[in-house]
Number of protein chains: 2
Amino acid sequence: MGVERVAFSMKDQPVPTDCCSCPIRDRAVCALCDGEELSKLDAIKSYKTYAPGQEIVGAGEPWPYVASVVTGVVKLSKTLSDGRRQMVGLLFASDFLGRAANRPDTCDAIAATETTLCRFRREPFEALMKKTPHLEQRLLQITQDELDAARAQMLLLGRKTAKERVASFLLTLLRRSAPAAFTGQARIATIPLSRDDISDYLGLTIETVSRRMTELKKEGLIELVDARTFRVLDLQALEDAAQENYSE
Amino acid sequence: MGVERVAFSMKDQPVPTDCCSCPIRDRAVCALCDGEELSKLDAIKSYKTYAPGQEIVGAGEPWPYVASVVTGVVKLSKTLSDGRRQMVGLLFASDFLGRAANRPDTCDAIAATETTLCRFRREPFEALMKKTPHLEQRLLQITQDELDAARAQMLLLGRKTAKERVASFLLTLLRRSAPAAFTGQARIATIPLSRDDISDYLGLTIETVSRRMTELKKEGLIELVDARTFRVLDLQALEDAAQENYSE
DNA sequence: CGTTCGGTTGAGTAGGCTCAAGCTTAGTGG
DNA sequence: CCACTAAGCTTGAGCCTACTCAACCGAACG
């Protein structure tokens, strides 16, 4: 898995990025901020890169930051005392990590891929938020979007079959990690999660994920380039299989 | 079902409540507002009472309001094209209904019990929110709390057994609809939902809900006063059965 | 060449679903 | 006052989907 490279990327050194050239400038929590507000944020921010599998913050632990995901994918999961796990959120570039309120989150946050965060120290961030409606407005939008996503996932977890869940997951990936591919011809995307992670996300076991993935392949809806890359061959059929054709 | 009484309560006449004597004044979206802000809200608000089972707003429909639940319980549910339903939220007194952004919600909102809403016209509410940080702050807190609740429910739907789901549900009711009963001696609460609604909420069938409820009764954890009222006989055992003992 | 890890495939099991019948309660009308 | 009905709930029997346990495969690595 390239331990050497991983160790290197874990170094806690600032990534040379300023806000103007930031890839998530238009969508992150700072999206509505003007130049002056940005410079105040700049004063309390720091970048940090995490290796795949590295814990960002554990459930219930205090964390003196909030953060935007700049690149990479972050898993949010909950665990029962006997070890059963359920992923309750999957954060992509521009998504926000951490509660503004001081209440500790009851989720683990773990980097799924190599991930760079733009972290803000919590206390000054909260103080700044009170004085900066732009910041609060955008955070409210982001939180509402996450609530929508959580509710869509509740429908999946409560009512969809294994095959529908896997198909839905692939569509989510296509939309979120490669928006261009969704409408374009390519319709190819990488899966930023292991089978283990996928089963945590979908409320299934790795065996069931594997079986249903193979089934979608055999039916000609998708092609598995390798275990971590897929191409959609029949988008309409995949949407049907996912029960995500909101035509009616 | 008392159709006569229902028809009466459905009349669209203002409930004689002013903000000062409002039962949810300290927790609703207006909780942080001062007197002047309240009077601005007062100018755009109207009360409306819904009968049990009455639709407040359908999935995807536009709704020219946002609202606080004053009394009663509101179900938020999603439906697949073949009829499978999943409840994705259960709103009690002081909870907030409707997105501040104009994006239509993809959930039905249906009154579970007789419910009174304090509605604000959407457009002036949004305008007011931009000028009133108190409003936006409180709405952010409320939205984050709902996101937490949604994530807890995702763990339930993805990983808990039927018995654990039912036990968790009863504990939620105890906490949310009768907070006093949770710590006090009574530990008795009414169930504001039919078995059908409960099964929608827990991602189960009504038969499974009924069976597991009976099981909890036979094991002496709860007593069913009637189908809509229960008393907790062994709180510790119920928390264990729900896998909600966060001791470790 | 052996080991390990992530993924796939196979056989058998079990928990929740389906279909069906029975029970309880409230409301209705003779 | 007592059938009769209807709706909500409970109970029972059998089935099916996803889980468990186990073996196997292939690539990466030492």
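Every chain is numbered from 1, with letters handed out A, B, ... down the list of sequences.
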Requested in this report: Please report, rounded to the nearest Å, how far the P atom of dA18(D) is from the CG atom of D200(A).
Outcome: 17 Å
Query raised in the report: CD1 of I198(B) versus C1' of dT10(D): gap in Å, rounded?
Result: 13 Å
Query raised in the report: Any donor and acceptor pair, going by atom type alone, linking the side chain of R85(B) with main-chain N or O of T79(B) inside 3.5 Å?
Result: no
Report summary line: From CG of L157(A) across to P of dG16(C) the rounded distance in Å is 15 Å
Query raised in the report: dG16(C) phosphate, OP1 or OP2: any side-chain N/O from T205(B) under 4.0 angstrom?
Result: no
Report task. Could you tell me the separation between the CD atom of Q153(B) and the NZ atom of K160(B), rounded to the nearest 0.5 Å? Result -> 8.5 Å
Report task. Go through dC19(D), dT8(C), dC17(C) for me and flag the one nearest to the I206(A) side chain. Result -> dT8(C)
Query - R195(A) side-chain N/O to dC5(C) phosphate OP1/OP2 under 4.0 Å - result: no
Query raised in the report: Does NZ or CZ of R119(A) lie under 6.0 Å from the centre of the six-membered ring of Y65(A), at an angle within 45° of the ring axis?
Result: yes
Query raised in the report: Starting at CG of D226(B) and ending at P of dT25(C), how long is that distance when rounded to a whole Å?
Result: 10 Å
Requested in this report: Measure the spacing between OG1 of T229(A) and CD1 of I191(A) and express it to the nearest 0.5 Å.
Outcome: 7.0 Å
**Report entry** Distance in angstrom units between L156(B) CG and dG16(C) P, rounded
**Finding:** 12 Å
Query raised in the report: Taking the side chain of T208(A) as heavy atoms from C-beta outward, which of dC19(D), dG16(C), dT18(C) is closest to it?
Result: dC19(D)
Requested in this report: With a 4.0 Å heavy-atom cut-off, tell me which residues in residues 210-223 of chain B come close to DNA chain C, sorted by residue number.
Outcome: R211(B)
Requested in this report: Find the distance R84(B):CZ to dC17(C):C1' and express it as a whole number of Å.
Outcome: 13 Å
Report task. Go through the structure and list residues passing side chain to side chain contact (heavy atoms under 4.5 Å, CB included) with R212(A), not counting sequence neighbours. Result -> A162(A), K163(A), V166(A), T208(A), E215(A)
Requested in this report: Over all heavy atoms of both residues, which pair between Q86(A) and Y201(A) is shortest? Give the atoms and the distance, please.
Outcome: NE2-O, 3.2 Å
Report task. Round to a whole Å and report the spacing from CG of L224(A) to C1' of dA27(D). Result -> 17 Å
Report task. Verify whether one side chain among T49(B) and T116(B) offers a donor that lies under 3.5 Å from an acceptor in the other. Result -> yes
Query raised in the report: Once you round it to whole Å, what is the distance between P of dA14(C) and NZ of K163(B)?
Result: 17 Å
Query raised in the report: Just checking R165(B): base, sugar-phosphate only, or nothing, at a heavy-atom cut-off of under 4.0 Å?
Result: nothing
Report summary line: Checking dC19(D), dT20(D), dT18(C) against the side chain of E207(B) (C-beta onward), the nearest is dT18(C)
